[in-house]
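Inspection log for the structure reproduced underneath, given as structure tokens.
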Amino acid sequence: MTPTLADLQPLTLDVALLIGAFALLVLDLFLPHGRKRVLGTLTFVLITGVLVASFFVDVSGSAFSEAYRGTAWALAWKRIALVSGALATLGAIDHVDRHFGRRQGEFYLLLLFCLSGMTILPGVRDLIALLVCFELMGIPLAVLAAYAKTDDKAGVHRHATEAGLKLYIVSAVSTAITVFGLSLVYGMSGSTQLAVIAQAPLSPLLSVGMFLTLAGLSFKVGAVPFHMWIPDTYEGAPTPVVAFLSVAPKATGFAALAALLLGAFRANEAPLSSVLLIFVVASILLGNVMALPQTDSKRLLGYSGIAQVGYMLIGLATANRYGMGMLLFYVAGYVVSNMGVFFVLEAVASERTGSDVSDLDGLVRRSPWLGMALLIFLLSLAGIPFAVGFWAKLFIFMAAYQSGHTFLVLLGSLMAIVALFYYLGLARAAFMQPPKNPAPVKLPLPLMAAILICLLSVVGMGLYPSPFLQVAASAADAFFVTR
Amino acid sequence: MTHFLHAHMLSVIVAAPLLAALVVLLLPARDGLAIRITSFMGAFVALIGAVQVLRTYDTELGGLQRAESVPLVPQLGIDLSFAVDGWGVSLLLLTGIIIVTGVLASFTLEEREKEFFALLLTLVSGVFGVFVSQDLFVFFLFYEIAVLPMYLLIGVWGSHGKVQAQGPFAYVWKRFEIGGREYAAMKLTLMLLVGSAAILVAILGIYFAAGGTSFNLAHLGNTTYPKALQLWAFPLLWLGFGSLAGVFPFHTWSPDGHAAAPTAVSMLHAGVLMKLGAFGVIRVGMLLLPEGARYWAPWVGGVAVINVLYGALSAMSQKDLKYIIAYSSVSHMGVVMLGAATLTVDGWNGAIYQMFAHGMMTGLFFALVGLIYGRAHTRIIPNMGGFAKRMPWIAGFFTLAGLSSLGLPGLAGFVAEFLVFMGAWQSAHPWWAVPGILGAWVTAVYVLGAARSIFFGAGPSEHFHDLHDPKKSEWAALWALSACLILFGSYPRLILDFIHIATNEYLPRVAEVAQQLAVVKP
Amino acid sequence: MLDQVAFAVVALIMLAAAVKVVSSQNLVHTVLWLGVMLAGTSVVFVMLQAPFLAAIQLILYTGGLLTLMLFGIMLTQRDAASLTIPNPSHRRGFGALLGAAAFGMLAGAISKTPSLPNEHGAMPGTQELGRLFFTQNALAFEVLAVLLLAATLGAIVFARKADAGVPSESAGAEIPARRTLPRTNGQHANPGKGA
Amino acid sequence: MSAIDLALIATFGPLGTALFLLLLPGLRRAGKAAGVISVGSAIIALGSALQLALRALETPELGRVTVQWLPHAQLGVASAAESAIQVGVHLDGLSVSMLVVVCFVAFCVQVFSLGYMAHEPPADFGRYFMWHSLFLFAMNTLVIAPNLLQLFLGWELVGLVSYLLIGYYWQKPSAARAALKAFWMTKLADMGLVAALIVLFKNTGGFEWTAHPQVAGVAGTVTLLLFLAVMGKSAQFPLHVWLPDAMEGPTPVSALLHAATMVAAGVFLVARAHPLFEQAPSTQLVMAYVGGFTALFAACIAVVQNDIKKVLAYSTCSQLGYMVCALGSGSQVAGFFHLTTHAFFKAMLFLAAGGLIHAVHSNDIRDMGGLFSRMKITAGAFIIGSLALAGVPGFSGFFSKDLILEEVFARGLYLPGIALLLAAFLTAFYMGRVVLIALFGEPSSHAAHAHESGVSMTFPLILLAVPAIGAGYYGATLSGLYGEPVHFHVSPIGMVATAMGLSGLGMAYFMFGAPKGGAALRTAFAPVGRFIALGLVDKAFLNGYRYGLRGLASGIGWFDRYVIDGLINALGYGTLEAGARLRPLQTGKVQDYIYAMAIAMIALGTAAAFLR
Amino acid sequence: MGLSAYLMLAAALFSVGLYGVLTRRNAVAVLASIELMANAANINLAAFSRFRAEATGQVFALFSTAITVAEVVVGLSLVILLYRSRGNVLLESASDLKG
């Protein structure tokens with residue numbers, strides 16, 4: 001019963017990540033101010049290393065008396081988190097170095113801690129651990145969002161603070177609600193283990209607990225009506241952070257929701273799934289429509305992200321292996337596409353503070369390849385063929401159609417066209433407007449690398465999605481076998 | 001090598017423009033000549049390929065030939081599978097001709113050639129892909145590819161128009177500048193994509209009804225679908241694809257779009273892309289859902305008839321030359337849909353042949369409009385007059401195109417329209433023929449009327465100083481298209497035989513399935 | 001009988017304290033009332049035979065947290081000397097409505113639930129607690145450690161003297177009593193040396 | 001060389017010439033050379049036509065060849081082998097004699113044009129002859145057609161050439177308009193032909209004019225539709241309005257297309273499709289009445305025209321009315337015979353008129369006058385033509401018109417018959433009027449220095465004069481080619497007709513020729529003249545186009561732009577507006593966000609707690 | 001002394017806390033209200049664990065306490081940040097980003 005070192009075997013990767021983080025913490029203390037840039041590189045190396053290791057180390061099996069179980073499903077989410085972490089680091093290095101001066105170390109450490117929370121969570125099968133991981137992910141995010149050059153006069157500080165604060169308040173309240181809900185769940189089921197909870201008889205108090213938990217967690221994925229912090233935070237927070245914030249927590253949030261709803265709450269029984277459908281419709285409609293009038297590209301992407309979450313929730317709402325596999329694929333595609341866009345924004349707006357759409361003006365003439373990349377990312381988000389986003393949407397629709405939600409397919413594809421309107425609005429600035437300053441965008445190497453990686457994966461997964469689809473499907477199988 | 005080419009001719013045709021596009025992207029932007037040459041080569045290779053396919057298509061054998069297949073998403077049974085039937089053969093040829101002439105016609109383009117040609121060629125390989133793909137899903141993929149570059153092509157290189165606000169919806173004008181190129185581009189893209197949304201739903205329905213194992217068209221075609229599915233899926237396909245074919249009332253993207261688009265794009269869009277829509281309705285809608293087709297045929301035909309007359313009359317009311325041609329396309333696509341709706345051999349032959357004929361005719365038209373606009377710097381007809389004095393050849397070509405569009409025997413247009421009318425008269429709704437025929441007459445009225453007010457009458461006024469006949473590469477385009485019009489008009493069997501084979505293979509199946517379904521479920 | 005009376009008393013006190021927390025017009029009072037409420041909680045824990053929990057509650061919350069909050073108040077108030085800090089609230093009616101609704105929802109669920117667990121067995125002792133900590137919840141415990149570290153780190157990041165900034169001009173303009181600022185600011189930040 | 005080859009030469013020779021001129025702009029712009037080449041091809045065509053005619057005199061059925069034009073197979077029959085959509089050559093007496101007429105007149109006209117158009121800029125001169133060769137090709141295609149389909153092809157092509165040639169002076173707005181009008185009117189009528197074809201095809205699976213067993217049911221429809229086309233092409237009331245305007249074209253063009261051959265194509269069609277028409281007596285009746293009315297109506301209008309070409313144009317209408325009426329009476333022999341004779345003398349008349357116009361540079365007969373003394377040959381030809389047209393015994397017109405009247409009355413079609421008789425009187429009258437005013441009236445200033453035109457313009461006249469006078473005497477032989485040989489005999493109707501004609505001439509002389517002219521009579525007839533001159537039919541068509549068609553069109557155009565398109569824009573606008581209206585929801589105050597969450601949470605919880 | 005009494009108490013505290021979160025304008029006060037809510041959860045846990053006679057609930061409660069404390073630590077630092085940028089700690093003063 002007492003945990004041994006063997007119990008850490010399924011958690012090898014996460015432990016490695018944490019050890020690396022502590023090493024960096026120590027290193028940070030000894031690095032002189034001028035040299036802190038190297039921390040970013042090291043962080044990237046660390047995360048990438050763990051990612052690579054994830055292909056060689058066997059992390060299956062359960063630990064801590066069923067509190068954690070490493071499965072293909074968990075591994076898939078782990079990798080998604082790691083990828084987004086690595087990309088975020090890559091995209092942030094330059095920004096951090098320029099703006100956060102001597103506080104770089106903390107930035108990367110917080111990122112790493114947050115990331116470790118994300119990597120552990122998908123395999124967790126115990127309410128308490130789940131909650132703790134969720135918080136480990138959440139608390140650093142609020143700090144990262146508020147990260148800003150405190151001595152600048154251009155109001156970054158104001159906005160970043162506001163972004164962080166809003167995220168913090170919302171997440172704190174959600175946590176309170178979640179904990180309250182979980183307390184009821186535990187109380188009515190007598191255990192904190194998902195598997196046991198799934199057996200508990202359904203009583204009003206239990207389902208209230210479930211719903212409170214659902215309400216508490218779904219703010220992290222930003223489903224309507226728990227979405228309202230998203231646009232503000234995205235607009236205010238530093239772009240590289242937003243790039244991370246806009247994908248990783250959503251991914252992990254979905255992992256958590258999946259674990260709870262399907263693992264413990266039997267979402268495939270009404271009324272949970274119908275509630276999810278409400279979330280889906282609301283998110284798709286509101287997110288897309290609200291994005292239309294936006295003039296700040298980060299804010300716009302915030303709203304569009306809400307809509308995207310609506311699509312992902314479809315996968316969750318189907319509550320079958322097909323749907324879950326497609327959800328996984330969708331998230332993977334969304335990670336690369338969305339981060340790509342934010343990196344391009346970062347590259348364009350790097351000197352300035354805001355992120356007005358007009359910053360993109362004439363991009364394709366300033367630096368053609370950057371413009372092309374932006375276009376491809378946007379088309380991928382809009383779900384246009386031969387970009388990964390297309391397959392993602394398609395598969396989700398297939399899942400929806402298969403489980404009888406034909407109207408969701410119709411609604412989804414129609415709203416996807418509304419989405420195309422504002423995505424093309426960004427493309428319009430880049431392609432049809434004359435550039436404000438014709439000088440080519442100067443692109444720091446790490447950022448360029450990040451954009452390139454995103455581009456390659458978007459196009460690659462778009463041209464030949466089948467292997468990734470395979471992985472997603474088998475992961476979903478694993479989830480349903482072991483839940 | 002040659003063997004490889006022979007084995008993968010279709011892939012070559014589809015890939016050639018795409019490769020050319022990539023090469024163009026890699027070329028330095030200032031090297032205009034290299035860009036033009038490359039794009040021309042890309043288009044030309046595709047054309048040669050198309051001709052080769054036509055030459056080597058075994059008319060005795062018929063059916064699908066030159067099949068190639070590569071699994072794309074095996075989990076869902078999506079294969080990248082190509083093959084041609086009689087229809088594909090002819091439409092490949094059409095596309096080849098149009099793109100080559102289109103590239104030639106836009107040699108004189110001035111700004112940002114690099115992106116322009118790259119997008120143009122991408123679009124074209126999408127079109128080729130649609131005509132050869134034998135996998136419903138890949139069909140849809142290429143369809144999207146063919147539709148999308150249009151946004152940038154029109155939005156960046158298009159030309160502006162203005163429409164003054166009035167009518168019941170005048171308040172809308174405060175948000176859009178109607179007639180502007182970006183408006184046109186956006187409207188076109190969105191309307192067509194709404195169409196493809198509908199298509200997607202129908203496709204999913206078909207796919208899962210067929211077992212959800214494969215998107216292969218042959219497999220889907222051999223399945224017999226429940227009547228209910230057919231009845232709801234067919235209209236989705238009809239209106240979805242139809243919106244690209246300019247089916248009333250989803251045609252309004254076409255006038256603005258074509259008017260705003262640059263020459264080559266209008267040529268390609270009206271010449272080939274609108275055909276994709278009609279082709280989709282027949283190839284997917286009618287062949288896969290015969291019962292649905294039979295049930296909805298009266299609607300399809302009725303709307304098509306509206307298209308014919310409505311388009312023609314709207315064209316008649318226009319002052320802007322490009323709008324006239326655009327509306328005429330709407331009208332002529334109505335003829336195509338009418339032929340499709342007849343569900344008769346002659347009707348279908350006519351429909352496909354009309355795609356072919358109208359493609360070249362409208363291509364020629366838009367090429368000429370481009371030239372006239374480039375020289376006169378106006379498209380407003382009342383401002384013109386007597387141009388024939390300075391540009392006799394252009395006047396001649398324009399008249400030729402006009403004659404073909406009004407169905408003058410000896411030119412391609414006649415064959416198609418005549419076949420369609422014959423089919424209509426043989427069909428279950430013979431009276432469709434009447435408005436169809438009248439439409440041809442109205443066409444005569446507005447086309448020749450336009451020709452008169454542009455080219456004839458008292459000589460051009462002073463401020464048209466640089467009116468002149470075509471220059472180097474433009475000649476080639478005009479001559480090629482006109483020659484095709486005459487050639488295929490006087491000896492239609494060059495193409496019609498191929499079309500006929502395919503029709504004869506497909507139509508009986510449709511009829512039979514429809515029949516047996518009808519008896520199964522009275 | 002007795003414990004019921006006791007519970008009733010404690011519960012009433014806690015509720016009263018809670019109400020004061022959310023209604024008191026003086027920030028310091030708010031925090032203090034919070035303290036009362038938390039203390040009450042630990043009493044409840046004792047009633048529930050969770051002495052360890054009660055202890056932790058007392059130390060962590062009532063001790064640590066209150067101090068922390070008061071610090072926060074000190075740091076962010078112009079006039080640290082007096083303890084009368086305005087603490088307004090708005091939209092009371094609507095808030096009350098929602099609060100009531102929430103209570104109604106929970107109360108309804110509780111009352112509608114047929115079989116609430118009801119075992120009066122002996123509570124396992126503190127060593128059982130420890131066992132649970134280090135077997136089943138070892139993972140959670142480890143993660144929690146990281147979490148606390150992260151939180152500290154996060155707190156430090158912004159409190160750093162080195163490049164802690166002054167309110168930017170735009171923000172500063174909103175401060176009514178500008179003159180009193182330097183003194184209070186001086187404790188934790190001096191505008192002079194921005195990083 | 002087989003008959004088929006000859007026919008093909010006669011047809012494709014000219015086409016070759018046309019393409020040759022089209023593709024060699026240099027040659028075309030040279031002018032004269034182009035003309036010569038074109039005339040050469042015309043000679044070749046004429047030669048092969050005559051050759052065919054000689055052969056036809058022995059055996060009228062010279063043969064038939066067809067090739068498949070479009071693949072067609074009924075549903076289920078895989079091979080495109082047994083096709084009915086064919087083109088080819090069909091040579092019998094009818095087609096051969098038409099061929100001869102066409103080639104002969106065309107040849108004469110082209111020769112005449114060499115002189116007449118000499119002053120044109122060379123480029124236009126070349127274009128002119130290019131179109132002429134094209135016309136010859138088109139017309140011959142029509143003539144040698146083995147079925148109605150090919151006939152239709154040629155039919156449309158000649159229509160096209162007529163459009164091009166009427167619009168020869170395209171810089172004159174009136175000419176451009178006239179060309180357009182001609183094309184629109186005929187095209188409108190041709191829709192009838194298309195309809196006839198598709199109906200015929202559905203029932204007989206082909207386009208043959210032979211009496212097909214299954215045709216009986218639709219014979220009425222088909223023939224009526226065919227007749228609609230005939231009315232357009234052969235300028236029958238009320239579709240005749242384009243023909244007078246067509247005179248905007250050069251005079252030789254009027255002679256060839258709008259007098260001798262093209263407009264007669266309608267008559268040829270009916271004669272061709274005689275087997276069909278025979279099965280539709282009702283249609284024939286309609287034809288008879290329409291023809292008769294047109295003959296009289298057009299003659300009336302011709303009386304008041306002062307433009308010499310207009311007079312001839314209306315007289316053409318009227319004569320075509322004769323032919324149609326004859327066909328309506330069921331005798332394609334009479335109709336077609338009149339077609340041949342009319343072709344000769346009307347062509348001659350036009351060419352002569354062209355000569356006169358050329359001399360005085362005006363179409364107005366009042367600007368001419370006393371030209372007889374100045375240009376004997378031309379005037380002589382004109383007089384011969386007029387006499388033939390007036391049906392004066394001895395001239396070809398006399399025989400054919402006589403034949404027609406006999407047939408019509410023999411069928412008991414008295415009303416049309418009487419109309420024709422009156423028309424005969426008027427014909428004589430207005431031709432007399434023209435001759436008297438233009439050739440013998442007192443010379444006007446224009447006519448002062450008029451002189452005989454060159455040989456290239458007189459030679460064709462002489463050439464045409466021969467058949468114009470003599471054709472009648474070979475009536476038997478000619479009509480033998482395409483039907484029962486008719487032998488001329490004196491008949492009461494013929495007498496009446498002749499009397500009418502002569503009295504017409506007399507009256508004309510009394511009104512215009514007599515030294516002390518019947519001014520009284522002229523004034524008496526003036527109001528009638530004015531009424532006729534209003535041209536009500538023409539105005540009706542004009543308004544129909546302007547206010548009917550154009551009005552409808554602009555209405556629909558408005559509807560499309562502002563209602564259909566407006567709806568779609570409104571949809572997009574609505575969506576954008578919704579987005580803008582929703583923005584205030586996002587207040588920026590975090591507590592409002594928590595409100596949203598709280599409300600949702602409570603709603604969910606309540607649902608979970610109470611909805612069970 | 002039944003379980004439901006404790007649950008009711010917790011529910012009441014939770015609701016009062018919610019009210020506070022919604023209505024208080026001072027960030028610190030809002031934090032305090034959040035504490036109320038979290039604390040209510042703890043009472044639940046303790047009560048349940050008592051009436052199930054097993055310790056997991058208490059463990060859970062301990063964890064949630066720790067989490068809450070960590071949260072407050074960060075929260076306060078953010079409040080300070082807010083003060084630095086706005087010169088006050090009223091939540092609504094942080095509403096530049098909207099729409």
Side-chain angles (χ1 to χ4, degrees), chain A residues 126-129 131-132 134-136 138-140 142-143 145-146 148 150 155-169 171-173 175-193 205 209 212 231-236 290 293-296 299, chain E residues 3-4 7 10-11 13-14 17-18 21-22 27 30-31 33-49 51-52 54 56-57 59-68 70-75 77-86 91 93-99:
Chain A
D126 179 281
L127 287 184
I128 299 175
L131 182 67
V132 181
F134 205 75
E135 285 308 305
L136 175 56
I139 290 177
V143 180
T150 47
V156 193
H157 186 209
R158 287 175 69 82
H159 289 175
T161 309
E162 182 171 341
L165 190 65
K166 281 176 173 174
L167 171 54
Y168 170 79
I169 296 284
S171 89
V173 174
T175 312
I177 295 172
T178 315
V179 176
F180 196 87
L182 287 180
S183 72
L184 293 177
V185 171
Y186 154 74
M188 296 316 292
S189 61
S191 164
T192 58
Q193 298 194 357
L205 210 47
L212 291 190
D232 298 358
T233 304
Y234 282 20
E235 183 178 351
M290 290 282 281
Q294 299 305 330
T295 56
D296 180 293
R299 193 172 187 83
Chain E
L3 170 56
S4 57
L7 296 184
L13 291 174
F14 183 81
L18 182 62
V21 171
L22 292 176
V30 170
L31 290 187
S33 312
I34 295 178
E35 291 316 313
L36 285 183
M37 296 170 77
N39 207 56
N42 285 357
I43 293 176
N44 265 354
L45 288 167
F48 275 120
S49 102
F51 286 91
R52 285 189 175 281
E54 55 105 26
T56 318
V59 176
F60 202 153
L62 284 167
F63 272 105
S64 86
T65 314
I67 289 173
T68 326
E71 249 178 1
V72 173
V73 169
V74 174
S77 66
L78 280 166
V79 170
I80 292 171
L81 213 54
L82 173 70
Y83 173 70
R84 282 189 193 149
S85 73
R86 302 294 200 279
L91 267 186
S93 69
S95 57
D96 298 0
L97 309 166
K98 56 161 159 296

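Letters go in sequence order (proteins before strands), and every chain restarts at 1.
Of the atoms belonging to E:Leu91, it is side-chain heavy atoms, and not backbone ones, that fall under 4.5 Å from chain A. Contact annotation for E:Ala10: both backbone and side-chain heavy atoms come within less than 4.5 Å of a heavy atom of chain A. Using a 4.5 Å cut-off between heavy atoms, E:Phe60 contacts chain A through both its backbone and its side chain. Using a 4.5 Å cut-off between heavy atoms, A:Val179 touches chain E through backbone and side chain atoms alike. Heavy atoms of E:Glu54 lying under 4.5 Å from chain A belong to its backbone as well as its side chain. Contacts between A:Ile177 and chain E at a heavy-atom distance below 4.5 Å involve backbone atoms as well as side-chain atoms. Proximity to chain A involves both the backbone and the side chain of E:Ser49, based on heavy atoms less than 4.5 angstrom apart. Contacts of A:Met188 with chain E are made by both backbone and side-chain atoms, with heavy-atom separations under 4.5 Å. Residue contact with chain A, scored on non-hydrogen atoms closer than 4.5 Å, involves the side chain of E:Leu7 exclusively. Looking at E:Leu18, there are no atoms closer than 4.5 Å to chain A (heavy atoms on both sides), in backbone or side chain.
Shown here are the side chain to side chain donor-acceptor pair (under 3.5 Å) partners of E:Asn44, two or more places apart in sequence or in another chain: A:Ser183. The side chain to side chain donor-acceptor pair (under 3.5 Å) check on E:Ser95 picks up nothing, with sequence neighbours excluded.
Residues E:Gly57 and E:Leu45 come closest through the heavy atom pair O-CB, 3.7 Å. In terms of heavy atoms, E:Leu82 sits closest to E:Ala94 at CD1-CB, 3.7 Å.
Rounding to the nearest 0.5 Å places OG1 of E:Thr65 at 7.5 Å from CG of E:Asn39. In this structure, E:Ile34 CD1 and E:Glu71 CD are separated by 7.0 Å, a value rounded to the nearest 0.5 Å.
Looking only at heavy-atom pairs under 4.5 Å with chain A, the residue among E:Gly75, E:Ala40, E:Gly99, E:Ala38 that has the most is E:Gly99. Of the listed residues (A:Gly164, A:Gly190, A:Ala146), the greatest number of heavy-atom pairs within a distance under 4.5 Å of chain E belongs to A:Gly190.
Within the 3.5 Å criterion, the main-chain N or O of A:Leu131 finds no donor-acceptor partner in the side chain of A:Glu135.
Checked for salt-bridge contact, A:Glu162 and A:Lys166 meet the test: a charged N lies under 4.0 Å from a carboxylate O.
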